[in-house]
Engineer: 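Sharing a structure here in structure tokens format.
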Amino acid sequence: MRASRLFLPTLKEDPAEAEAISHKLMVRAGLVRQLAAGLYIYLPLGLRVLNKICQIIREEMNAIGAQELSMPVLQPAEIWMQSGRYESIGEEMFRLKDRGGREMVLGMTHEEIITWLASREIRSYRELPQVWYQIQTKLRDEARPKSGVLRTREFIMKDSYSFDTDAEALDRNYQLHIDAYNQIFKRCGIDFFMVDSDPGMMGGATAHEFMAPSPAGEDEVALCKCGYAANVELARSVPGHPDYPEPGGEEIATPDARTIEEVSGYLDISPDLLVKSILVITDAEPVLAMVRGDHELQESKLTRAIGGFRPATREEIRDITGADAGFIGPVGLDIRLVADESLREGVFVAGANKNGYHLQGVQPEVGFRPEWADIRRVKPGEKCPICDQSEEGLRIERVIEIGNIFKLGTKYSKPLNATYLDETGKEREIIMGSYGIGPARIAAAAIEQLADERGIVWPAAIAPFAVHLVLVQPQDSQQAAMAEKLYADLMGAGIDTLLDDRKISPGVKFTDAELLGLPIRIIIGKRAVAGGRLEVQSRRSGEEYQIDPGEAAEKIGSLLAAL
RNA sequence: CGGGGCGUGGCGCAGCUUGGUAGCGCGCUUGCUUUGGGAGCAAGAGGCCGGCGGUUCAAAUCCGCCCGCCCCGACCA
């Protein structure tokens with residue numbers, strides 16, 4: 001491609017609305033333009049990147065026997081009503097009516113549709129297993145689109161679905177996807193790892209996420225040297241034990257001391273000797289959730305324990321406990337109590353349900369009898385639940401979710417009636433799995449992880465072009481001839497090359513080349529013409545090579561392969 | 001949805017407190033010069049100051065409502 005003909009609007013300055021590095025650079029390097037909140041136009045260069053990523057995905061999905069198909073984005077609401085998600089999803093799904101008044105939705109994902117298809121077409125165990133996938137647009141009415149292409153309302157996703165006769169067969173397809181995903185992300189040249197993830201409200205099923213470490217990410221994971229890796233939504237840990245005081249149970253005046261900080265300061269004890277009590281309201285009842293004073297409540301864990309909930313209002317707290325927030329506690333409260341495991345053994349200070357007072361010497365199982373659950377958020381430095389060994393304990397890292405895999409079981413096949421006949425002629429529900437990858441997030445993660453102060457640094461496999469051929473003076477016939485010859489050679493060798501033949505000052509070309517971040521830059525100017533050697537430079541390492549023009553295609557090819 | 005910020009040529013911003021002629025840098029057009037790190041000179045084009053309403057002789061500027069975008073939080077099959 002010739003830069004003189006390419007639609008590549010680069011910008012000198014960061015766009016005012018961008019915060020994330022990938023967002024700034026994708027706009028500045030002419031990859032994308034924003035249409036509205038969470039809606040992006042992919043310009044030619046940006047689309048080339050997406051296409052390269054999708055091609056890698058296709059190759060690896062096909063390699064595990066998955067078959068590509070394509071499903072509509074516009075879908076009848078009726079199918080979503082059958083699965084129950086029409087009700088459960090709420091505002092995140094775009095809903096509309098067609099001219100005949102029929103309720104429709106825009107697909108956020110395609111479990112319903114693929115299951116509908118399977119329910120009509122799969123009849124016998126002989127037709128299983130199947131793995132079907134598509135690379136298709138998804139629409140989600142996100143509460144808050146953000147960080148450029150990292151969280152948008154419309155985005156493409158590779159989604160695949162497996163159909164099996166039993167759990168063991170599902171395990172095999174699940175593992176095949178893990179292998180394929182490892183291949184895909186590795187080939188894309190980004191840093192990533194797999195973590196345990198929260199399967200969500202549906203419970204039971206297994207799920208994992210593939211994460212690319214980056215401060216721009218929205219998720220956090222807990223990691224141990226031993227290999228334990230989990231999303232903090234469900235990560236476990238072994239907390240340290242403080243020295244506990246003698247049990248007792250007497251009331252102690254704590255005027256104006258409401259927060260953990262205030263109470264521990266007033267009583268001159270460390271926060272891990274306090275019970276933090278949080279009143280929440282479920283559909284059915286109020287629940288008092290308790291964690292240790294030095295811990296935070298992990299809401300996703302509490303949701304698994306008690307179902308959906310919301311925080312209690314000030315009035316509800318007073319009505320139910322008789323005290324204001326800051327003085328509430330489990331002792332003497334006749335409501336559902338859920339306590340974190342870290343409180344199981346010990347002696348604590350807790351709110352007395354009386355303004356201005358706390359109780360000291362409170363013993364769980366003596367002073368109150370809660371349900372026990374893991375509902376605390378892991379803290380960095382806590383011991384790993386698996387190895388319990390490493391000195392530094394768990395570390396917590398911010399990540400971009402680039403892929404996820406779920407064992408669905410019969411969650412969709414049951415309501416949508418996707419069944420098959422087994423060897424004995426018995427009708428059984430198909431066992432399903434669902435697997436997603438966000439190509440745009442791979443691109444953004446690559447930029448976040450590799451960019452430097454001068455611009456993007458693309459991994460060779462997903463760069464929009466492999467070689468940036470800078471022709472310093474297009475008016476100089478010798479330089480132009482040399483560049484044209486090289487351009488033809490490289491293209492002939494199947495190496496995607498961008499020839500910057502624009503009639504502008506060299507400085508602009510160099511800074512643009514650094515901003516665009518193509519893996520290899522070759523400069524054709526006076527020096528190359530005079531010396532008969534090509535100046536070749538790696539964007540990533542800065543290393544320079546002198547190459548003979550005659551063997552350029554071959555040398556560049558092997559250089560790229562090594563990147 | 002709660003909190004905060006911002007909307008002024010294509011982009012980045014000033015002007016608004018204290019009402020009166022819309023400005024700067026970059027980009028763009030034309031000409032000449034220049035050509036290995038964001039070129040120089042000269043001449044130009046381009047703005048319903050987010051929208052609607054109000055106050056006023058007069059509104060980018062003051063007041064009200066609305067819309068959009070960004071950030072934090074909530075939310076995220």
Side-chain angles (χ1 to χ4, degrees), chain A residues 9-20 23-24 27-28 30 33-40 80 83-93 105 107-115 138-148 150-153 155 157 159 161 197-203 205 207 209 216-219 231 233 299-300 303 308-311 401 404 406 408 411-412 415 432 434-436 438 454-455 470-476 479-480 500 502-515 521-531 535 537:
Chain A
T10 57
L11 264 33
K12 276 190 187 175
E13 294 175 282
D14 285 336
E17 70 278 1
E19 192 82 4
H23 188 189
K24 289 177 183 170
V27 175
R28 283 190 52 204
R33 285 295 183 265
Q34 181 174 4
L35 174 66
L39 297 174
Y40 283 84
W80 289 78
S83 75
R85 288 162 110 191
Y86 192 76
E87 295 297 324
S88 65
I89 286 177
E91 294 196 292
E92 207 178 326
M93 183 153 56
V105 305
M108 328 185 15
T109 174
H110 285 78
E111 277 84 8
E112 276 79 0
I113 308 308
I114 203 105
T115 310
K138 311 290 180 196
L139 290 130
R140 297 184 185 177
D141 196 357
E142 287 287 347
R144 182 149 97 86
K146 57 182 286 202
S147 306
L150 282 177
R151 187 163 206 83
T152 54
R153 293 191 290 178
F155 56 97
M157 181 167 144
D159 46 322
Y161 306 89
S197 82
D198 188 347
M201 289 277 292
M202 305 315 154
E209 288 163 327
E218 295 183 278
D219 287 295
N231 193 310
E233 289 174 353
E299 295 189 8
S300 53
T303 300
F309 65 88
R310 60 169 175 85
E401 181 189 344
N404 54 33
F406 290 91
L408 297 173
K411 185 181 159 192
Y412 298 94
M432 292 176 54
S434 151
Y435 317 84
R454 292 171 303 167
V470 178
L471 171 53
V472 178
Q473 284 182 53
Q475 295 89 331
D476 181 297
Q479 289 180 31
D500 194 346
R502 292 176 296 173
K503 294 181 175 61
I504 53 173
S505 76
V508 175
K509 297 188 184 187
F510 292 134
T511 44
D512 267 358
E514 275 148 6
L515 176 63
R521 183 180 72 177
I522 304 177
I523 302 175
I524 307 263
K526 275 194 300 232
R527 290 211 286 270
V529 170
E535 299 168 61
Q537 189 175 39

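Below, read A as the first sequence line, B as the second, and so on, with proteins coming before strands; counting in each chain starts at 1. FYI, side chains are in, hydrogens and waters are out, and symmetry mates aren't considered; it's all heavy atoms of this structure.
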Engineer: Would you classify Arg310(A) as touching base, sugar-phosphate or nothing, given that sugar-phosphate means primed atoms plus P, OP1 and OP2, and contacts are heavy atoms under 4.0 Å?
Structural biologist: nothing
Engineer: May I ask you to evaluate whether Thr511(A) reaches the phosphate of rG38(B), defined as a side-chain N or O under 4.0 Å from OP1 or OP2?
Structural biologist: no
Engineer: Within the structure shown, what part of the strands sits under 4.0 Å from Asp14(A) by heavy-atom distance: base, sugar-phosphate, or nothing?
Structural biologist: sugar-phosphate
Engineer: Looking across every strand, which nucleic acid part, if any, lies under 4.0 Å from Ala20(A) by heavy atom: base, sugar-phosphate, or nothing?
Structural biologist: nothing
Engineer: Charged N to carboxylate O under 4.0 angstrom, Lys146(A) versus Glu19(A)?
Structural biologist: no
Engineer: Kindly point out which of rG27(B), rC69(B), rA77(B) is positioned nearest to the side chain of Lys12(A)?
Structural biologist: rG27(B)
Engineer: Within a 6.0 Å radius of atom CD on Gln475(A), are there more than 12 heavy atoms belonging to other residues, nucleotides or ligands?
Structural biologist: yes
Engineer: What distance, rounded to whole Å, do you find between the two C1' atoms, one in rC28(B) and one in rC11(B)?
Structural biologist: 12 Å
Engineer: Measuring only the P atom in each nucleotide, how far is rC24(B) from rA42(B)? A whole number of Å is fine.
Structural biologist: 15 Å
Engineer: Quick one: which of rG12(B), rG38(B), rA77(B) gets closest to the side chain of Ala16(A)?
Structural biologist: rG12(B)
Engineer: Could you check whether Gln473(A) gets within reach of a base, just the sugar-phosphate, or nothing at all, counting any heavy atom under 4.0 Å?
Structural biologist: sugar-phosphate
Engineer: From rC69(B), rG36(B), rA77(B), pick the nucleotide closest to the side chain of Glu535(A)?
Structural biologist: rG36(B)
Engineer: Please walk me through it: do Lys411(A) and Glu111(A) pass salt bridge (Lys or Arg N to Asp or Glu O under 4.0 Å)?
Structural biologist: CA-CA 10 Å; Lys411(A) 185 181 159 192; Glu111(A) 277 84 8; over 6 Å; no
Engineer: Could you check which nucleotide pairs with rC41(B) in any of the strands shown, counting Watson-Crick or G-U wobble with both distances under 3.5 Å?
Structural biologist: rG31(B)
Engineer: Using the C1' atom on both, measure rG2(B) against rC49(B) and round to a whole Å.
Structural biologist: 31 Å
Engineer: When both hydrogen-bonding distances must be under 3.5 Å and the geometry is Watson-Crick or G-U wobble, what is rG47(B) paired with, if anything?
Structural biologist: none
Engineer: How close do Leu11(A) and Leu515(A) get, heavy atom to heavy atom, and via which atoms?
Structural biologist: O-CD2, 4.1 Å
Engineer: From rA77(B), rC71(B), rG38(B), pick the nucleotide closest to the side chain of Arg144(A)?
Structural biologist: rC71(B)
Engineer: Given rG36(B), is OP1 or OP2 found less than 4.0 Å from the side-chain N or O atoms of Lys526(A)?
Structural biologist: yes
Engineer: With heavy atoms under 4.0 Å as the rule, sort Glu299(A) into base, sugar-phosphate or nothing.
Structural biologist: sugar-phosphate
Engineer: With rounding to the closest Å, how many angstrom separate the P atoms on rG54(B) and rC1(B)?
Structural biologist: 28 Å
Engineer: As a test of reading the structure: which of rA77(B), rG38(B), rG36(B) is closest to the side chain of Val472(A), going by heavy atoms?
Structural biologist: rG36(B)
Engineer: Suppose we define a pair by two distances each less than 3.5 Å, Watson-Crick or G-U wobble; what does rC69(B) pair with here?
Structural biologist: rG5(B)
Engineer: Looking at every strand, decide which applies to Asn404(A) at a 4.0 Å heavy-atom threshold: base, sugar-phosphate, or nothing.
Structural biologist: base
Engineer: Taking any heavy-atom pair under 4.0 Å as a contact, classify Tyr86(A): base, sugar-phosphate, or nothing.
Structural biologist: nothing
Engineer: So what does Arg521(A) touch, heavy atoms closer than 4.0 Å: a base, only the sugar-phosphate, or nothing?
Structural biologist: base
Engineer: Test your reading of the model: is there a side-chain donor-acceptor pair from Lys509(A) to the backbone of Leu471(A), 3.5 Å cut-off?
Structural biologist: yes
Engineer: Is there a donor on the side chain of Glu514(A) or the base of rG38(B) sitting less than 3.5 Å from an acceptor on the other?
Structural biologist: no
Engineer: Check every strand shown and say whether Thr10(A) touches a base, only sugar-phosphate, or nothing at a heavy-atom separation below 4.0 Å.
Structural biologist: nothing
Engineer: Does any N or O donor sit under 3.5 Å from an N or O acceptor when you compare the side chain of Glu17(A) with the base of rG7(B)?
Structural biologist: no
Engineer: Restricting to non-hydrogen atoms, name the atom on Leu408(A) and the atom on Ser434(A) that form the minimum distance, rounded to 0.1 Å.
Structural biologist: CD1-CB, 3.4 Å
Engineer: Pick the C1' atom in rA60(B) and in rC75(B), then give their distance to the nearest Å.
Structural biologist: 37 Å
Engineer: Any strand counts, and the cut-off is 3.5 Å on both contacts for Watson-Crick or G-U wobble. Which nucleotide pairs with rA60(B)?
Structural biologist: none
Engineer: Consider the side chain of Lys146(A), meaning its heavy atoms from C-beta on, and name the nucleotide among rG25(B), rA74(B), rC72(B) that approaches it most closely.
Structural biologist: rC72(B)
Engineer: Heavy-atom nearest nucleotide on RNA chain B for Glu218(A) versus Gln475(A): which residue maps closer to 5'?
Structural biologist: Gln475(A)
Engineer: Would you check if the side chain of Tyr161(A) reaches a backbone N or O of His110(A) as a donor-acceptor pair within less than 3.5 Å?
Structural biologist: yes
Engineer: Can you work out whether Ala37(A) or Ile89(A) has the more 5'-proximal nearest nucleotide on RNA chain B?
Structural biologist: Ala37(A)
Engineer: Side chain of Glu19(A), heavy atoms from C-beta onward: which of rG36(B), rC71(B), rG25(B) has the nearest atom to it?
Structural biologist: rC71(B)
Engineer: Rounding to an integer number of Å, can you tell me how far Glu91(A) CD sits from rA74(B) P?
Structural biologist: 17 Å
Engineer: rG25(B) pairs with which nucleotide, Watson-Crick or G-U wobble, both distances below 3.5 Å?
Structural biologist: rC11(B)
Engineer: Out of rA39(B), rG27(B), rU35(B), which nucleotide sits closest to the side chain of Pro506(A)?
Structural biologist: rU35(B)
Engineer: Over how many whole Å does the gap from Met108(A) atom CE to rA77(B) atom C1' extend?
Structural biologist: 6 Å
Engineer: Rounding to an integer number of angstrom, what distance separates rU8(B) and rG46(B) when you compare their C1' atoms?
Structural biologist: 14 Å
Engineer: Determine the interatomic distance between C1' on rG15(B) and the same-named atom on rG20(B); round to the nearest Å.
Structural biologist: 14 Å
Engineer: Hey, does Lys509(A) reach any base, or is it just sugar-phosphate, or nothing, if we go heavy atoms under 4.0 Å?
Structural biologist: nothing
Engineer: Describe the nucleic acid contact of Ala18(A) in one word from base, sugar-phosphate, nothing, applying a heavy-atom distance below 4.0 Å.
Structural biologist: nothing
Engineer: Sticking with atom C1', work out how far rG47(B) lies from rA22(B), rounded to a whole angstrom.
Structural biologist: 8 Å
Engineer: Checking Gln34(A) side chain against Ala36(A) main chain: does a donor-acceptor pair fall under 3.5 Å?
Structural biologist: yes
